[in-house]
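Heads up, the thing below is written out as structure tokens.
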Amino acid sequence: MKKFVKILAVVMIVALSATLLFACGGQEDTGREKLIMGTNAAFPPYEYYEGDKIVGIDAEVGALIAEKLDMDFEILDMDFNGIISAVQNGVVDIGMAGMTVREDRLEHVNFSTTYAKGVQVVIVKEGSDIKTLDDLAGKLIGVQEATTGDAYASEDYGEENVKRYTNGAAAVAALQSDIVNAVIIDNEPAKAFVAANEGLTILETAYADEDYAIAVAKENTELLEKINTALAELTADGSIDAIVNKYIPA
Ligand code: GLN
């Protein structure tokens with residue numbers, strides 16, 4: 001019986017290694033450490049799918065940071081709501097998801113220096129009677145669960161008027177099918193969703209300005225320092241600007 005268990009264990013390990021190898025697209029083992037980034041890839045132009053590949057500003061900046069750190073790089077796609085705990089539990093090394101630095105998040109993770117700015121905006125259908133932020137009162141607002149848009153909408157218009165979705169694309173789809181009357185989301189994804197879908201528009205009045213940064217586990221201070229150094233270098237040599245300009249043409 002013991003022998004059987006041993007054999008079973010070996011078979012499982014072999015199977016697991018094969019799966020891991022397969023999951024890495026058959027990449028050979030470079031012997032280097034790997035930097036794993038957790039994100040929610042429904043947030044263009046920061047992270048989204050092009051075919052089966054996750055691309056975008058965060059994906060590219062993350063890859064450059066890994067390169068600077070002489071590490072391999074992998075992206076794990078998950079609900080935005082799960083990213084902070086994935087960082088805390090070590091499922092991923094960094095959380096990079098157009099993530100706003102917030103006091104309540106700082107209780108759970110550390111943030112790198114900021115590498116981008118965001119603004120919360122409101123998307124409505126063209127011709128909607130919602131013209132200003134005040135008009136949102138009593139309307140049903142779609143948000144991405146656990147985002148700053150969720151927090152603002154819930155605080156300012158009441159929980160009962162907020163409908164939460166696991167990602168921005170789902171919230172926008174709900175707006176298109178008139179399930180919600182508006183969506184509060186970051187400005188660049190808002191622009192991308194409006195460009196990709198007929199009949200949507202962004203209100204001129206915007207919500208608060210925000211800073212995006214990379215989330216790192218509290219105890220992982222060495223990694224945080226390395227990331228900050230890498231970010232400073234990538235800012236100084238224009239790499240980050242070049243990536244941003246590629247995805248957000250002026
Ligand atoms: N910037 C927002 C936040 O951090 C939304 C991020 C996202 O949905 N990926 O809450």
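Sequential numbering from 1 along the given sequence is applied to the chain's residues. Computed from heavy atoms alone, side chains included, the values below leave out hydrogens, waters and symmetry copies. Just follow the structure's listing: the first ligand is 1, and inside any ligand the first atom is 1.
- Note: Tyr157 and Tyr207 have perpendicular aromatic rings, judged against thresholds of 30 and 60 degrees for the angle between ring planes.
- Taking a cutoff of 4.0 Å between a charged side-chain nitrogen and a carboxylate oxygen, Asp150 and Arg164 qualify as a salt bridge.
- Looking at residues two or more places apart in sequence or on another chain, you find no side chain to side chain donor-acceptor pair (under 3.5 Å) involving Asp93.
- For Tyr46 and Tyr212, the distance between ring centers is under 6.0 angstrom.
- Closer than 4.0 angstrom to ligand 1 sit non-hydrogen atoms from Phe43, Phe80, Ala97, Gly98, Met99, Thr100, Arg105, Gln144, Thr147, Thr148, Asp186, Glu210, Tyr212.
- For Asn181 (side chain) and Leu140 (main-chain N/O), a donor-acceptor pair under 3.5 Å exists by modelled atom type.
- Put simply, the side chain of Asp58 gets close to the backbone of Gly98: a donor and an acceptor are under 3.5 Å apart.
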